[in-house]
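Down below is the structure, laid out as structure tokens.
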Amino acid sequence: MSGANAGAIVTVPETAVIDEIRDEIEDVRTFYFSFENPEAARAFRARSGQFVMCTVYGAGEFAVSLPFSPEDDRPHLSVRQVGKVTRALHELRPGDKIGLRGPFGNGFPFESIKGKNVIYVAGGIGLIPLRSSIVHVLQHRQDFGRIILIYGSKSSQELMYRDMIEKWKATEGFETYFTIDRPEPGWTGPVGFVHTLVAPAKVPVENTVAFVCGPPLMFNSVIKELLAAGIKDEAIMSTLERHMKCGIGKCQHCAIGRTLVCTDGPVYTYKQIKTLGEQI
Amino acid sequence: MYIMPKSQARALAAALAEDYDLHGPVLREESGEPMFDRVEDPAAIRLEAAIPYNPPKSVVFPQAERIMSYRYDREAKTVSLERDDLVRPKALVGLRACDLNGLLCLDRFYLGQEYVDEFYRDHRKKMFIVVNNCVRPFPQCFCVCTDSGPAAREGYDVALTGDGDDYLFEAGSEKGQALARRLGLKEAGPGAAGRKAKIIDASIARFDAEATENKAWISRVMNRITTGFISNDIWEFIGDQCFECGACSFVCPTCSCFNIEDINSREGRTDRMRSWDSCSYEGYTRMAGEHNPRRPVEDRRNKRFFCKLSYSQSRKYLRPGCVGCGRCNRVCPGDIGIANVVTYIRREITKAGAK
């Protein structure tokens with residue numbers, strides 16, 4: 001085995017202790033963890049854009065994007081409770097244990113985007129998989145041109161990682177645009193779906209890459225705006241999510257056309273996505 | 001090559017039973033139906049039985065299999081994990097060439113690419129394979145169209161070809177040679193290879209008259225599917241006939257999709273089970289929160305045909321993911337076994353050609 005997934009924990013999960021749990025927004029919590037086995041901790045080298053299979057003991061396993069980047073000091077997961085297993089995860093308390101397999105998947109291609117402008121467009125918890133990339137890019141500020149985050153959610157209460165974003169803003173030239181779906185008292189920023197901010201942000205077109213992540217409807221309208229602005233298919237990237245059971249390219253639940261999200265993805269360019277022949 | 005009298009087939013099975021769990025074609029007592037199954041008594045194996053209703057897939061990829069178990073004590077906050085490691089050596093005696101090719105398709109998929117499927121590998125290693133080449137086709141067969149029969153070319157320890165009262169016995173491995181010596185078989189002499197070729201040619205020649213249930217001239221169809229030639233109408237026509245019963249996937253020697261679930265027992269243990277799954281089921285791609293990217297029926301129902309006839313096997317391995325055993329046609333209540341699907345698509349190609 002080589003490349004992105006070298007050293008992955010493949011078959012039997014490694015146990016990790018939940019050290020701290022933070023409430024992010026409604027139904028979304030961040031779980032900071034550390035591996036029981038120091039070997040596993042050393043071996044666990046996640047790249048930005050990869051995902052893990054998380055076992056909630058007694059409930060089952062689910063696939064989840066990693067929000068943390070190697071630049072972060074502690075590994076963590078941010079998870080919305082949306083199904084049986086994630087609900088069980090939300091019932092856990094610090095000191096409880098979870099199992100982890102991975103990291104799996106291809107990750108973001110940072111080498112090839114050096115020197116470019118980087119636009120992030122996130123909808124709701126779509127910021128989770130993009131977080132690791134933002135951390136990386138801000139840490140290597142000098143390697144990139146303009147860095148723009150366009151972020152929207154249903155309400156101001158549902159913007160993820162707000163404290164963190166406030167801190168990131170201290171990085172020189174990190175431009176941010178926020179929007180919420182409906183007006184609310186005390187909100188002075190723009191109101192409307194996130195794609196409506198693409199044009200006002202006057203995103204650069206030349207030498208630019210865009211990372212887009214969010215619910216399917218948001219994704220489609222944002223892509224339209226980015227293309228209209230002149231960004232090329234191959235310069236738009238997203239991480240796709242699928243029902244996954246094995247994470248290693250065997251169970252086939254995440255097959256889209258002839259690609260498997262778990263091993264060929266989860267990061268795809270829009271140029272690739274267009275040829276997959278399925279809904280996002 | 002060696003000669004083995006047909007009467008010695010039982011001795012062959014008995015010799016293997018000393019070192020391996022024995023699997024082979026058997027006849028069900030009540031109904032006489034041919035099934036591929038585990039046997040305790042070597043005499044139960046019927047080499048002359050018709051192609052079994054089920055493929056040997058479950059020998060290497062059980063319908064339901066525990067891949068791990070664990071105990072989590074929430075009070076003490078301790079986890080003890082246990083990986084099952086109870087795989088015994090297996091002998092498959094009397095496999096048909098199509099089914100052997102099915103196993104080879106599974107090998108390429110499960111053992112190849114970035115990760116190896118460790119559970120499959122554990123079943124597959126320590127296996128002895130005796131293939132029984134088909135000296136005449138069964139009515140449902142179309143292995144000549146999928147390049148997977150009637151004789152096996154690779155992947156066996158022993159290949160048997162019926163020749164009157166004898167079998168021509170070819171060793172495909174050191175293990176096979178050792179078995180020939182152990183059985184005290186005599187060398188077949190210089191003319192044997194030619195005789196085998198004649199027997200197999202005669203078998204192929206019988207397909208037209210005897211394998212009448214299915215015809216599936218697959219190669220051109222694969223090309224047309226892969227190049228996007230087939231219109232959505234025809235996929236919808238095919239998809240509309242699907243009952244989503246999953247039977248095709250379960251009798252297919254090459255279908256390999258699975259589900260994984262953690263099952264809690266009363267004793268406080270949790271078993272991580274994997275079990276067969278089918279891409280034709282609606283819930284197959286449904287995610288938590290009810291989003292289902294493969295919602296349109298034709299997306300879902302036709303995934304299997306793309307898998308078999310275009311991307312999965314063919315783009316990577318240059319062969320169809322179908323081995324021509326005809327089982328899916330036999331079990332499908334909607335008349336969309338692979339052979340029929342190929343026929344529908346060929347009809348479209350012909351129509352388009354006539355325009």
Side-chain angles (χ1 to χ4, degrees), chain A residues 1-5 8 10-15 17 36 53 55-63 80-87 92 95-99 104 215-216 240-260 262-264 276-280, chain B residues 67-68 70-74 77-83 109-110 112-120 226 228 255-264 268-270 272 274 277-279 283-296 299-300 303 306-307 310-312 314-316:
Chain A
M1 204 194 314
S2 64
N5 299 322
V10 177
T11 306
V12 174
E14 283 286 344
T15 294
V17 186
E36 258 185 348
M53 301 298 296
T55 297
V56 182
Y57 289 117
E61 198 179 38
F62 65 98
R80 165 172 281 171
Q81 55 163 314
V82 65
K84 182 186 88 172
V85 187
T86 51
R87 269 198 297 277
L92 299 185
D96 282 333
K97 288 173 181 170
I98 54 175
F104 298 126
L240 297 189
E241 302 212 331
R242 279 294 184 277
H243 184 54
M244 290 186 197
K245 288 294 186 176
C246 73
I248 59 169
K250 305 300 180 193
C251 80
Q252 296 272 329
H253 280 86
C254 68
I256 312 180
R258 65 200 151 84
T259 81
L260 293 171
C262 65
T263 49
D264 301 319
L276 297 178
E278 266 184 34
Q279 298 180 353
I280 291 312
Chain B
I67 56 176
M68 176 183 108
Y70 60 84
R71 283 172 189 276
Y72 181 50
D73 183 334
R74 181 120 190 235
K77 309 219 185 288
T78 54
V79 186
S80 55
L81 292 170
E82 215 177 293
R83 232 208 85 174
F109 178 72
Y110 275 133
Q113 300 165 86
E114 187 172 358
Y115 295 100
V116 166
D117 187 295
E118 296 173 18
F119 311 103
Y120 180 89
T226 304
C255 266
S256 60
C257 293
F258 58 84
N259 191 22
I260 299 178
E261 285 293 319
D262 283 8
I263 312 287
N264 295 327
R269 189 188 70 233
T270 305
R272 179 159 291 177
R274 81 163 169 192
D277 205 346
S278 172
C279 61
Y284 187 75
T285 50
R286 189 173 58 220
M287 305 198 279
E290 295 300 307
H291 175 56
N292 194 343
R294 203 182 282 166
R295 196 175 283 283
D299 266 13
R300 188 166 76 242
K303 170 70 175 72
F306 273 91
C307 182
S310 178
Y311 26 78
S312 288
S314 54
R315 285 219 178 165
K316 284 179 183 135

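The basis for the numbers below is simple: all heavy atoms, side chains too, and nothing from hydrogens, waters or symmetry mates. Naming convention: chains lettered A, B, ... in sequence-line order (proteins, then strands); numbering from 1 in each chain.
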Exercise for the section: Select, from B:T270, B:I260, B:I263, the one with the greatest count of heavy-atom pairs under 4.5 Å involving chain A. Expected result: B:I260

Problem - Choice from A:V85, A:L92, A:T86 maximising heavy atom contacts with chain B below 4.5 Å - result: A:L92

Practice task
Name the member of B:E261, B:K77, B:Q113 that forms the most heavy-atom pairs with chain A at distances under 4.5 Å.
Solution key: B:K77

Handout entry: Which atoms of B:R272 approach chain A - backbone, side chain, both or neither, heavy atom under 4.5 Å
Key = side chain

Exercise for the section: Would you indicate whether the side-chain heavy atoms of B:D117 and B:F109 approach each other to under 4.5 Å? Expected result: no

Exercise for the section: Can you tell which part of B:L81 gets under 4.5 Å to a heavy atom of chain A, answering side chain, backbone, both or neither? Expected result: side chain

Handout entry: Among the listed options A:A59, A:P215, A:C254, A:G60, the residue most often paired with chain B at heavy-atom distances under 4.5 Å
Key = A:G60

Practice task
Search all heavy atoms of A:M244 against all heavy atoms of A:M53 and return the closest pair with its distance.
Solution key: O-CE, 3.8 Å

Exercise for the section: Go through the atoms of A:C246 and report whether side chain, backbone, both or neither lie under 4.5 Å from a heavy atom of chain B. Expected result: both

Completion exercise
Taken to the nearest 0.5 Å, the spacing of A:E36 CD from A:K97 NZ works out to 3.5 Å

Handout entry: Structural part of A:P13 lying under 4.5 Å from a heavy atom of chain B
Key = both

Fill in the blank from the handout: Honestly, the part of B:N264 sitting under 4.5 Å from a heavy atom of chain A is side chain

Handout entry: Test item: side-chain donor near acceptor, B:E114 and A:T263, under 3.5 Å
Key = no

Practice task
Heavy-atom distances under 4.5 Å only: say whether B:F119 touches chain A with side chain, backbone, both or neither.
Solution key: side chain

Practice task
Determine whether the side chains of B:D262 and B:Y70 contain a donor N or O and an acceptor N or O closer than 3.5 Å.
Solution key: yes

Exercise for the section: Classify the side-chain pair A:T15/A:Y57 by whether it contains a donor and acceptor separated by less than 3.5 Å. Expected result: yes

Practice task
Heavy-atom pairs under 4.5 Å with chain A are the metric here; pick the option from B:V79, B:T78, B:I67 that has the most.
Solution key: B:V79

Practice task
Can you measure from CD (A:Q252) to SG (B:C255) and round to the nearest 0.5 angstrom?
Solution key: 9.5 Å

Handout entry: Closest contact, heavy atoms only, B:T285 versus A:H253
Key = CG2-O, 3.7 Å

Practice task
Tell me, for A:A255 versus chain B, whether the close heavy atoms (under 4.5 Å) come from the side chain, the backbone, both or neither.
Solution key: both

